[in-house]
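Lettering of chains follows the sequences in order, A, B, ..., and the numbering in each one begins at 1. The shown structure was predicted, so the numbers you read here are calculated from the model rather than taken from an experiment.
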Amino acid sequence: MEHLKRTVTCGELSSEHLDREVVLNGWVHRNRNHGGVHFIDLRDRYGITQIVIDEDAAPEARTPAEQLRFEYCIAVRGTVRKRPDSMINPEMATGTVEVAAREISILSRCETLPFMIDERSDAREDLRLKYRYLDLRSFSMQRKIRLRHEVMFRVREYMHTQNFYEIETPTMIRSTPEGARDFLVPSRLHPGKFYAMPQSPQLFKQILMVSGFDRYFQLPHCFRDEDARGDRQPEHTQIDIEMSFVSREDVFRLTEGLFAHVFREALDYELDAPFQRFAYDQAMNRFGSDKPDLRFELELTEFSEIASSGEFKVFKDTVANGGVVKALRVPGAAQYSRKQIDELEQHAKIYGAKGLAWMKVTESGLDGGVSRFYTTVADRILEELGASAGDLLLFVGDTWKTACTALGAVRSKLGREMGLADPAKFRFCWIIDFPLFEWNEDAEKWEAAHHLFSMPREEYLDTLEQDPGAVKGDLYDLVCNGFELASGSIRIHDPELQKRIFSIVGFSLEEAERRFGFLLEAFKYGAPPHGGIAPGLDRLVMLMAGENTIREVIAFPKNTVGVSPMDDSPTEVDPSQLDELHLSIVEPRNVEPKSLNAASETSKE
RNA sequence: GGGGGCGUAGCGAAGUCGGUUAUCGCGCCGGCCUGUCAAGCCGGAGAUCGCGGGUUCAAUUCCCGUCGCUCCCGCCA
């Protein structure tokens with residue numbers, strides 16, 4: 001095919017190239033045969049060029065052209081010529097020219113397609129995934145994959161300029177049961193033993209700090225055997241970062257610089273940095289979420305005090321029993337029907353609320369719902385919630401976390417339904433001061449809320465043991481438009497402090513030793529103070545691409561049940577493979593007692 | 001583990017309060033056509049209505065079960 005190798009791509013021809021003889025290689029995107037004149041839209045990664053086969057074109061062009069069908073892979077030799085003025089297509093980058101074919105060669109034929117390669121193709125996702133190679137031919141997928149590449153490139157570019165080394169860590173490591181379930185790899189040479197796929201390079205990157213590589217990054221694949229979601233896959237890519245001799249402020253500055261660079265170079269979008277910060281408690285109180293969408297207002301308000309002086313017994317009792325009542329004022333939603341409010345209530349219930357109380361604000365005051373219980377404090381309600389006629393007021397009473405979360409979910413739903421969030425905006429914020437420990441009701445013990453190696457904020461160092469629930473960690477999440485994009489922390493590098501943390505969560509030294517003794521050992525040899533962060537690449541690209549699932553920005557994703565429809569993995573394997581690995585398959589058991597020790601114990605980033 | 005949605009030609013959908021030959025668009029096959037760019041016109045093929053069972057004279061439609069995908073809670077990043 002030497003003489004039919006492309007000399008230009010399908011995206012580059014313009015009136016500058018008139019009369020030039022060119023060779024194009026690509027796929028038949030459209031085929032319009034008028035009997036006399038015949039048009040082909042030839043497509044490659046770079047664009048589309050219109051090929052014309054004139055009625056009097058050479059048989060070397062005309063004969064093969066008759067056979068062309070969608071997605072035939074072809075080579076075309078021809079001459080660039082200007083289109084007649086009235087035939088210029090302003091929608092096309094190459095729309096002022098066309099290539100008059102002198103020779104066409106069919107490089108590869110294509111069977112009837114399972115779906116059209118088309119921006120408007122709305123084939124089911126599992127079909128798209130089965131024929132992913134066809135799906136990826138579409139310009140919309142090509143754009144997303146290009147964007148992903150661009151983001152990865154800009155990350156590497158920025159990190160390099162900031163003096164970071166990209167260092168790879170192993171993909172087969174020791175199983176250190178962390179927050180999530182491990183994927184395991186059986187060892188052939190060591191019967192009965194397993195490697196694990198890393199949930200993140202957490203321990204290795206900390207050890208790299210001990211090794212003196214004080215600025216490390218990597219774009220590793222991370223594996224977690226948990227149920228998938230739109231924004232979650234069994235296998236995802238992280239922008240893993242760790243730095244020595246730093247405080248939280250240094251990590252923030254670096255991350256803000258990185259994201260500003262990536263958005264500027266890849267999207268030509270200027271981020272508003274430094275990013276706003278919210279303490280975890282504050283974010284929960286104001287937005288009912290630790291990953292608030294800041295593109296719209298709708299903030300929650302504290303209502304407990306008024307609730308305890310009102311007549312509504314349910315709320316009075318809630319407050320009397322140590323719970324809280326949260327309110328959400330929805331401007332202009334007073335016309336919501338009973339049915340719409342019911343739907344909001346159902347939504348709140350998914351998140352654990354027992355109900356959703358409401359009232360409407362009219363010109364004459366409060367009306368409907370639970371308003372009759374609050375006649376004596378109506379003015380105070382109007383004032384404290386800043387309510388005015390036409391507003392809908394919503395309330396949830398429960399434990400603090402449930403009340404915030406449930407009403408926060410209602411806030412998000414309203415934001416979506418009322419179209420409050422500008423899809424072209426990226427509103428970043430930091431969520432800081434997460435609690436370090438959480439009380440586990442079932443196991444009746446303290447657990448690491450996030451990260452066993454995360455540093456407590458300095459002011460709690462003396463009182464860790466007295467009130468673990470009050471201890472805030474030097475932990476942070478980076479949030480954008482309602483998605484958690486990154487989380488990180490300053491790590492503990494002091495073995496003594498680490499022991500105190502272990503003891504609070506009831507972790508024996510032997511247990512700690514068994515699970516990640518190698519890290520503790522490393523810390524004995526002059527570990528530097530360090531910390532880091534790990535943004536999720538897939539989610540980042542998903543947001544930048546304006547998509548709703550990370551599957552749209554991964555070339556070959558798994559579906560929600562962990563199957564890859566194209567290669568149909570996972571599959572059974574040959575018995576001889578099992579033999580070599582010293583494995584045998586037992587029938588799945590129906591009754592599987594829940595392990596009590598499956599709690600989140602170490603790194604989660 | 002739990003809840004919601006979807007499953008009808010190769011693709012996307014309509015239909016069905018049970019009733020003759022299951023409809024439309026795209027694609028596919030054949031023919032016509034000299035300027036289209038989602039080309040157009042004419043003709044044609046193509047569906048055990050996801051699968052299994054039940055109710056019924058009759059089931060794509062009603063009931064039960066099951067499988068697949070998807071969204072969500074839990075879990076998890």
Pick the P atom in U61(B) and in G25(B), then give their distance to the nearest Å. 26 Å

The side chain of Ala180(A) is closest to which nucleotide in this list: C37(B), C76(B), C28(B)? C76(B)

Select one nucleotide: of C71(B), G35(B), G10(B), the one nearest the side-chain heavy atoms of Pro114(A). G10(B)

Hey, is the side chain of Arg232(A) pairing donor to acceptor with the base of C75(B) inside 3.5 Å? yes

Nearest-angstrom distance from the residue atom CZ of Arg43(A) to C1' of C37(B): 15 Å

Distance-only side-chain donor-acceptor flag, Ser200(A) / Gln238(A), under 3.5 Å: no

Scan side-chain atoms only and decide if Asp54(A) and His38(A) contain a donor-acceptor pair under the 3.5 Å cut-off. no

Test Phe287(A) against every option in Ile431(A), Leu300(A), Leu294(A), Asp293(A) by the side chain to side chain contact (heavy atoms under 4.5 Å, CB included) rule and name the one that passes. Leu294(A)

Any base atoms under 4.0 Å from Val561(A), or only sugar-phosphate, or nothing? Heavy atoms, all strands. sugar-phosphate

Rounding to an integer number of angstrom, what distance separates A59(B) and C51(B) when you compare their P atoms? 15 Å

Separation of C37(B) P from Ile88(A) CD1 (nearest whole Å): 16 Å

Scan Asp41(A) against the nucleic acid and name what it touches under 4.0 Å (heavy atoms): base, sugar-phosphate only, or nothing. sugar-phosphate

Once you apply a heavy-atom cut-off of 4.0 Å, does Glu55(A) come out as touching a base, just sugar-phosphate, or nothing? base

Across the strands shown, which category fits Arg62(A) at heavy-atom distances under 4.0 angstrom: base, sugar-phosphate, nothing? nothing

What about Arg128(A): does its side chain form a donor-acceptor pair under 3.5 Å with the base of C11(B)? no

Are the ring of His34(A) and the six-membered base ring of G35(B) within the stacking cut-offs of under 5.5 Å and under 30°? no

Inter-nucleotide C1' distance (C49(B), A22(B)), Å rounded: 8 Å

Does Asn89(A) make a side-chain donor-acceptor contact with the base of C37(B), cut-off 3.5 Å? yes

Checking all strands, does His236(A) fall into the base, sugar-phosphate, or nothing category for heavy-atom contacts under 4.0 angstrom? base

With a non-hydrogen cut-off below 4.0 angstrom, is Gly36(A) in contact with a base, only sugar-phosphate, or nothing? sugar-phosphate

Counting any heavy atom closer than 4.0 Å, what does Glu71(A) reach on the DNA or RNA strands: base, sugar-phosphate only, or nothing? nothing

Is any N or O donor-acceptor pair between the side chain of Gln346(A) and the base of G4(B) shorter than 3.5 Å? no

State whether a side-chain donor-acceptor pair under 3.5 Å links Gln50(A) with Arg32(A). yes

Between atom CG in Asn548(A) and atom P in G5(B), what is the gap in whole Å? 21 Å

Heavy atoms only, 4.0 Å cut-off, all strands: where does Gly352(A) land among base, sugar-phosphate and nothing? nothing

Let's see if you can work this out: which of A77(B), U36(B), C71(B) has an atom nearest to the side-chain heavy atoms of Met87(A)? U36(B)

Rounded to whole angstrom units, what separation is found between the CZ atom of Arg32(A) and the P atom of G40(B)? 10 Å

Looking only at atom P, what distance separates C37(B) and C73(B), rounded to whole Å? 46 Å

Among the nucleotides G12(B), C69(B), C37(B), whichever has the atom closest to the side chain of Asp122(A) is G12(B)

Taking atom types as they are modelled, would you say the side chain of Arg124(A) forms a donor-acceptor pair with the base of G68(B) within the 3.5 Å cutoff? no

Rounded distance (Å) that lies between atom C1' of C76(B) and atom NZ of Lys291(A): 10 Å

P atoms of U8(B) and G15(B), separation to the nearest Å: 14 Å

Contact class for Arg83(A) vs. all strands (heavy atom < 4.0 Å): base, sugar-phosphate, or nothing? base

Name the closest nucleotide to the Arg551(A) side chain, picking from U70(B), G35(B), C73(B). U70(B)

So is the aromatic ring of Phe115(A) stacked onto the base of C11(B), judging by whether the centres are under 5.5 Å apart and the planes are under 30° apart? no

Please give the distance between the P atoms of G46(B) and G30(B) as a whole number of Å. 16 Å

Between U21(B) and U60(B), how far apart are the two P atoms, rounded to whole Å? 12 Å

From C-beta outward on Phe39(A), which listed nucleotide comes closest to its side chain: C71(B), U36(B), C72(B)? U36(B)

Identify whether any heavy atom of Asn33(A) sits under 4.0 Å from a base atom; if not, whether one sits that close to sugar-phosphate; answer base, sugar-phosphate or nothing. base

C71(B), C72(B), A77(B): which one has an atom nearest the side-chain heavy atoms of Thr560(A)? C71(B)

Which sits closer to the 5' end of RNA chain B, Gln50(A) or Thr112(A), going by the nucleotide each is nearest to? Thr112(A)

Return yes if the base of G68(B) and the side-chain atoms of Asp126(A) contain a donor-acceptor N/O pair under 3.5 Å, otherwise no. no

Watson-Crick or G-U wobble mate for G68(B), both contacts under 3.5 Å: C6(B)

Verify the distance criterion only: is there a donor paired with an acceptor across the side chains of Gln199(A) and Arg181(A) at less than 3.5 Å? no

Counting only heavy atoms not in Glu66(A), do more than 12 sit closer than 6.0 Å to its CD atom? yes

Which listed nucleotide (A77(B), C69(B), G35(B)) is nearest to the side chain of Asn559(A)? C69(B)

Watson-Crick or G-U counterpart of C11(B), or none if no pair lies under 3.5 Å: G25(B)

Just by distance, no angles: are the side chains of Thr405(A) and Thr402(A) close enough, under 3.5 Å, to form a donor-acceptor pair? no

Can you tell me the pairing partner of U20(B) across any strand shown, Watson-Crick or G-U wobble, with both distances under 3.5 angstrom? none

Rounding to the closest angstrom, what is the interatomic distance between C57(B) and G18(B) at atom P? 15 Å

Surrounding NZ of Lys401(A) (heavy atoms of other residues, nucleotides or ligands, distance under 6.0 Å), is the total greater than 12? no

Taken to the nearest whole Å, CD/Glu66(A) to P/G30(B) is 11 Å

Salt bridge check, Asp433(A) against Lys472(A): does any charged N sit closer than 4.0 Å to a carboxylate O? no

Within the structure shown, what part of the strands sits under 4.0 Å from Glu91(A) by heavy-atom distance: base, sugar-phosphate, or nothing? nothing

Using heavy-atom distances to pick each residue's nearest nucleotide on RNA chain B, tell me which of Ile550(A) and Asp227(A) is more 5'. Asp227(A)

One thing to verify: whether Glu552(A) and Arg148(A) come together as a salt bridge, which I'm taking to mean a side-chain N less than 4.0 angstrom from a carboxylate O. no

Check the distance between G7(B)'s C1' and Leu127(A)'s CG and give it to me in whole angstrom. 13 Å

Could you state the CD-C1' distance from Glu125(A) to G68(B), rounded to the nearest angstrom? 14 Å

